[in-house]
2 protein chains.
Amino acid sequence: MSPTPQQRRASRHHQPDPGAGAAPARGRRAQPITVAAIIDAALGIVARDGYEALTMRRVAAALETGPASLYAHVVNKDDLGELLIGRLCTEIDLPEPEPAAWREQITGVCTRMRDQYLRYPGISRAALAAAPTNEDTLRIGEGMLAILLAGGIAPQAAAWGIDSLMLYVSAYTLEVSLLTDPGNEWVVSRDELLSRLSGLPDTFPQTKRHAAELTAGTDHERFDFTLDLVLDGLARR
Amino acid sequence: MSPTPQQRRASRHHQPDPGAGAAPARGRRAQPITVAAIIDAALGIVARDGYEALTMRRVAAALETGPASLYAHVVNKDDLGELLIGRLCTEIDLPEPEPAAWREQITGVCTRMRDQYLRYPGISRAALAAAPTNEDTLRIGEGMLAILLAGGIAPQAAAWGIDSLMLYVSAYTLEVSLLTDPGNEWVVSRDELLSRLSGLPDTFPQTKRHAAELTAGTDHERFDFTLDLVLDGLARR
DNA sequence: GCTTGACACGAACAGCGTTCGTAACATCGA
DNA sequence: TCGATGTTACGAACGCTGTTCGTGTCAAGC
């Protein structure tokens, strides 16, 4: 028998599984249901309608089947989320460490992760939930660790720094996704936001005075700013 | 009539509402249903069973009523989440800025937020979703802004720094909540994690070599490390 | 006493994740 | 060639969710 979804998941986390054998796949469909096909269908839904709209039933419908059929390939919905993150991480390629260019290399990886996540609005939710033993995310960690170490960062600072950076990328992209979601009632233009801050009561003196700075930042200026902040700190340790 | 939940929410965001008048509350219950009572009941559930277990039906049951009754006081579940975050933010007191002690003051506020969030596992999910115009979270922003400005940080750096810090606090607490959730299948001791990292294939050389550093950090050492990193960076601009 | 209007809530709807039992097929041994 | 075997696919159902609608029930105003 081919591995059960449970075994698949366990091996993705390098955990021994109370296992069984394996055998070739069989079936009677024109296009058999596979994990890869499920991931493809799911990513399509997330790209079009956001992570909130991702349901087992919709994935099944996209595959022209019923929801029950998915559970032969996927443990549950959380598992599917993890698989999606895994796929996204696999598509990120990591540069060979160049000691002199460690900052640019790290920024590059983070930026690629950011853009990858933003293509699938809200998927960072799954990234935040993904366990630290997932092999695909560990691959990114390995790559970033190699870059930082090559750049001369001390191992402990590098380890914790990577953690902070990946956490920040996930949180930032999740926030951006929520704030630009057209289904969100509170999405608001910069001008509107600025006028609301200026209209605050006098118990918010600093916020009113610096509303311009608080609402500043086009594109991903805020993102770059924070990355620089953290990398500056790492470089100095 | 007392304000509809919609009007309440709008005013919390300083948005004009297409309003109506107001009138004293009436009812025929021993203990009338109020927004405050709903928040209390909801926080009790989250504290005990986590944010995932927060259900309109459970909140209603705690108030000895049916779910429909809540919708006279709360717009929907997202609104309830925002109210919870608002309550938590209200309970955080902000120090009078002391220019010489700005670092300690900022760290103090972030730490209090962290501990507050951690008391209600998973609630940071709602914090990440909360709109940037919510008055209660703006209050924290105002307080931190005042501290940073008093400490001599440039307004733009202060504004973006606050953003990063609050985002990090939410993300960090969310991660910690998920990783220590006893219902989580992947929660694992430090020793177990370390042995899994060491058992990785040879395509993970750095991860295997520095498994100790990657799994290091008791209590909130990682949290303090990142805060220091960001504050160092802010101080230098 | 009667009307008015705000509050509370029972019942229901559509949709969700997940499980169970069964039907349909490919392969293998005889 | 013909079952027997084991695997895949899936219809139907369960229990739960957020939310809405219509009705009941009380306090206040005339």
Side-chain angles (χ1 to χ4, degrees), chain A residues 1-9 20-38 41-42 45 49-83 126 129 183 185, chain B residues 1-9 19-35 37-38 41-42 45 49-83 126 129 183 185:
Chain A
M1 114 163 120
S2 61
T4 67
Q6 286 78 1
Q7 291 169 338
R8 248 201 333 81
R9 168 142 96 161
R26 296 168 221 184
R28 64 185 195 287
R29 276 174 64 100
Q31 281 189 224
I33 298 176
T34 62
V35 179
I38 293 177
I45 293 170
D49 303 324
Y51 193 72
E52 300 250 293
L54 181 68
T55 39
M56 299 303 271
R57 289 176 140 87
R58 258 195 269 271
V59 175
L63 261 30
E64 297 183 299
T65 180
S69 306
L70 305 178
Y71 286 85
H73 308 271
V74 154
V75 178
N76 53 31
K77 203 194 170 186
D78 283 351
D79 185 36
L80 176 55
E82 201 179 291
L83 284 167
E185 186 185 347
Chain B
M1 124 163 118
S2 59
T4 68
Q6 285 79 3
Q7 292 169 337
R8 247 202 333 82
R9 170 144 95 161
R26 297 169 220 185
R28 63 184 194 287
R29 282 179 124 250
Q31 282 191 223
I33 298 178
T34 62
V35 180
I38 293 177
I45 293 170
D49 303 325
Y51 193 72
E52 301 250 294
L54 182 67
T55 300
M56 299 303 270
R57 289 178 139 85
R58 259 194 269 271
V59 175
L63 261 29
E64 296 184 297
T65 180
S69 305
L70 305 178
Y71 286 83
H73 307 271
V74 156
V75 178
N76 54 31
K77 203 193 170 185
D78 282 353
D79 184 38
L80 176 55
E82 200 178 292
L83 284 167
E185 186 183 348

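These numbers come from the heavy atoms of this one structure, side chains and all, not from hydrogens, waters or symmetry mates. Each chain gets a letter, A, B and so on, in the order its sequence line appears, and its residues count up from 1.
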Whole angstroms only, please: what is the CD1-C1' distance between B/Ile33 and D/dC26? 14 Å

With the side chain defined as heavy atoms from C-beta on, A/His73 is closest, among D/dA9, D/dG18, C/dG17, to D/dA9

Counting just side-chain N and O atoms, does A/Arg58 come under 4.0 Å of either OP1 or OP2 of C/dG15? no

Between C/dG15 atom C1' and A/Asp49 atom CG, what is the distance in whole Å? 16 Å

To the nearest Å, how far apart are A/Ile45 CD1 and C/dC16 P? 10 Å

Rounded to whole Å, how long is the line connecting atom CD of B/Glu52 with atom P of C/dG17? 13 Å

Nearest-angstrom distance from the residue atom CG of B/Asp79 to P of D/dG18: 14 Å

Are the side chain of B/Thr55 and the backbone N or O of B/Arg58 linked by a donor-acceptor pair below 3.5 Å? no

With A/Leu70 as partner, the option from A/Val35, A/Leu63, A/Leu80 fulfilling side chain to side chain contact (heavy atoms under 4.5 Å, CB included) is A/Leu63

Would you kindly give the CG-to-P distance between A/Leu70 and C/dG17, to the nearest whole Å? 10 Å

Of the non-hydrogen atoms in A/Tyr51 and A/Ala126, which two are nearest, and what is the gap between them? OH-CB, 3.7 Å

May I ask you to say what A/Ala68 touches in the nucleic acid, namely base, sugar-phosphate or nothing, with a heavy-atom cut-off under 4.0 Å? base

What is the distance, rounded to the nearest whole Å, between atom CE of A/Met56 and atom P of C/dT18? 6 Å

Please give me the minimum heavy-atom distance between A/Ser69 and A/Ile33, naming the atom from each residue. CB-CD1, 3.8 Å

B/Tyr71, nearest nucleotide to its side chain (from D/dT17, D/dT20, C/dC16): D/dT20

Indicate, yes or no, whether a donor-acceptor pair under 3.5 Å links the base of C/dG15 to the side chain of A/Arg57. no

Quick check on C/dC9: is either OP1 or OP2 less than 4.0 Å from any side-chain nitrogen or oxygen of B/Ser69? yes

Any heavy-atom pair between the side chains of A/Arg9 and A/Asn76 that's under 4.5 Å? yes

Any side-chain N or O of B/Thr65 less than 4.0 Å from the OP1 or OP2 oxygen of C/dA8? no

Send over the distance from A/Ile38 CD1 to D/dC10 P, rounded to a whole Å. 11 Å

